[in-house]
2 protein chains.
Amino acid sequence: MDGDIRFSTFKRDVNLTMVEICREIFRNNSGGIKIQKEEVAVRSLAKILEAALRLCNRKGFASMSLRDLSRESGVSLGAMYSYFSSKDDLLRLMQGHGRSVIVRILEGVISGIDDPWIRLRRSIQAHLYASEVLQPWFYLSYMETRNFPADEFKKALESELYTERMFVDIIMDGQSRGLFRPADAELLGSAIKSMLQDWYLKRWKYTARKVSVEDYGNFMLGFIESYLMDREIS
Amino acid sequence: MDGDIRFSTFKRDVNLTMVEICREIFRNNSGGIKIQKEEVAVRSLAKILEAALRLCNRKGFASMSLRDLSRESGVSLGAMYSYFSSKDDLLRLMQGHGRSVIVRILEGVISGIDDPWIRLRRSIQAHLYASEVLQPWFYLSYMETRNFPADEFKKALESELYTERMFVDIIMDGQSRGLFRPADAELLGSAIKSMLQDWYLKRWKYTARKVSVEDYGNFMLGFIESYLMDREIS
DNA sequence: TATTTTAGAACGATCGTTCGTTTTATTTGC
DNA sequence: GCAAATAAAACGAACGATCGTTCTAAAATA
C-alpha cells in the first residue's frame, strides 16, 4: 500500500550492526568505560554484550553469573569490570541504548506525513521492524524491567507509555477527522502494543510457523484497519 | 449479549480461594509434602505460596531467596523444606496447579454450545476472568517459563499452544460454516492470546486507568468480532 | 620502556540445603 | 483425667558452593 515500509529497505537504512551499536554506546559512556582506545573497547564490548544478550535471553539476567558471562564472551572477569562498574551497571548499559534507537526511528518515520492511515501503517511497521532487528534488546527490556534500578525502571514504564501514546494520538487524530470509527483509542493503542510485543516475545512460535515479519505486520494492519473502518456497530 | 458470562457470577462459581487451591495442591502432592495432617499443611502452604507469589511478582523467582520467603511467609527455613524438596520443586508446586484449572474452566464453559460466535465470546471471557482471579499465578507462569526445569518448560509451551489452538479451532469452524470472514486463523488466535496476556501482565496500567475486566473483555470482543464480520476487504 | 589492558586468585557476603535440637501435638498407661 | 511417652512439626545455626567485586601481577601494546 502507499507509503508502506519494506523490511529489507528498513534494515538497510537503519544499519544497526552490533559493532555500530557498541561504538555508539562507547561514545556515550566514555565516563563509565575505563578503556581508552576505541577499537579495543568496541571489540570487547561487542563480545560482552552479544554474550550477555544471549545468556539473558536464555535464563534471565538474575540467573546469569558474571563467570558465565566471562566464559561465554571470552573476556576475563577482571577485564569486564573495565567496561562496567557493577552487574546493575551492565544492565543499564544493555538497556539504555535500545530506547533511544526506537524513539529516533519511530519519530523519523512519520514526520512530515499527514494522513492518519499512512501514519498508523508506518509507525506500526517501523516498530515491528525495529523489534525484529533488535529482538534480543527488546526481549531483555521487557522481561527484566522488574530488576532495573529504580530510575531505569521508571524510564522503562514511561517508554512503554510513550510509544503507546504515539499510536493513541494517531488514532484520535483519525477519529476527530471522521476517518476512523469512534472507539476506545486507549484500549486500541494497548492492543496494538501487545501484538507488537508478542512478535519479539514469542519468536520461537512464529519462526516455527514460518511467519515472516512482513506477514505479521500485514495481518496486524488488516486486523486494525478493519476495525477502524467498520461503521456497522455502534 | 446472549450467552455472555458476567465476571461476578464467574467468580462465585469457580470459587478459587487460596485455601481451596492449597488443599487441592496438598492432595495431589501427598508424595512430595512431608506433612501429614491436612489442616496443618494447608495452613502453612497457603502462607508459603501467598508469600512466594508476592515476592516472585515483585522481583522474580531467581532473585527471591528462601530467606526472603521465610521472612515474608513466617515459616522457618527448615519447615519450608517439609513442603518442597528444593527451590525448583517450589516452582513446580506453584506452577503446576494453574494449568489444570484453566483447562478445566475453558472446556467446561463452551461444552454443549454450538454457535461459533457464542463459543468465541465465552472462551475469551472465561480465559480473561480466570486470569483475573488467578493473576499472580498467570503472571508467574508467563515470566518464569524460562527457569522451569526441562519437563515443566515443555508443558508450559504446550499449554500456550493448547489454549491458542482452542481459539483457532473455533475460528476455523466459524469460517467453514461461512459465518466468519476468511482470514489467517492462526495469526488471529495468536493475537487473541497476546491481548489476553496483556491483561494480566500489565495490570498496573489497566488498574491506573480504571479499566475493569469486563470493559477489557468487551473491547476485545468488539475488536475481534468487527474483524470476523467484515466482508469489505479480501 | 612506559602505559594500557587483561588475567585470575582471593575476599566477604549470601545462596540453597542439611541436620541436630526444641517445641508442639497426639497417644498411651493407669 | 492426667502424666508420661511418643510422634509430628518447626526451628535456625552451620556447611559448602557460588555470588559480585576487588586487587595485584603479568601480558600486550605503543
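All figures in this text were calculated on a predicted structure; none of them were measured in a lab. So you know, we letter chains A, B, ... as the sequences are listed, proteins then strands, and number each from 1.
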| message | Of the options C:dT17, C:dG8, C:dT4, whose atoms approach the side-chain atoms of A:S76 most closely? | response | C:dG8
| request: Pick base, sugar-phosphate or nothing for B:Y83, based on heavy-atom distances below 4.0 Å to the nucleic acid. | output: sugar-phosphate
| A:D198 side chain reached by A:Y216 side chain, heavy atoms, under 4.5 Å | yes
| field | Aromatic contact, A:F7 with A:Y129 (centres under 6.0 Å) | value | yes
| message | Applying a 4.0 Å non-hydrogen cut-off, can you work out what A:L77 is touching in the nucleic acid: base, sugar-phosphate, or nothing? | response | base
| By a strict heavy-atom criterion of less than 4.0 Å, which residues belonging to residues 42-70 of chain B are in contact with DNA chain C? | B:M64, B:S65, B:L66, B:R67
| field | Pair A:R165 + A:D169, salt bridge at N-O below 4.0 Å | value | yes
| Nearest-0.5 Å distance that lies between atom CE in B:M80 and atom OG in B:S70 | 5.0 Å
Result block: side-chain N/O donor-acceptor pairs under 3.5 angstrom for residues 148-155 of chain B, not counting sequence neighbours:
from   : atom 1 : to    : atom 2 : distance (Å)
B:E152 : OE1    : B:R99 : NH2    : 3.4

| task | Take atom CD1 of A:I33 and atom P of C:dT6, then tell me their distance rounded to the nearest Å. | result | 12 Å
| request: May I ask you to check whether A:Y81 and A:F84 place their ring centres under 6.0 Å from each other? | output: yes
| Nucleotide interval of DNA chain D bounded by contacts with chain A (heavy-atom cut-off, under 4.0 Å) | D:dC19 to D:dA30
| task | Quickly work out the A:K37 NZ to C:dT4 C1' distance and round it to whole Å. | result | 7 Å
| Is a side-chain donor or acceptor of A:S123 paired with a backbone partner of A:L120 at a separation under 3.5 angstrom? | yes
| salt bridge (Lys or Arg N to Asp or Glu O under 4.0 Å) between B:K210 and A:E186, worked out | CA-CA 12 Å; B:K210 302 193 198 309; A:E186 282 206 328; over 6 Å; no
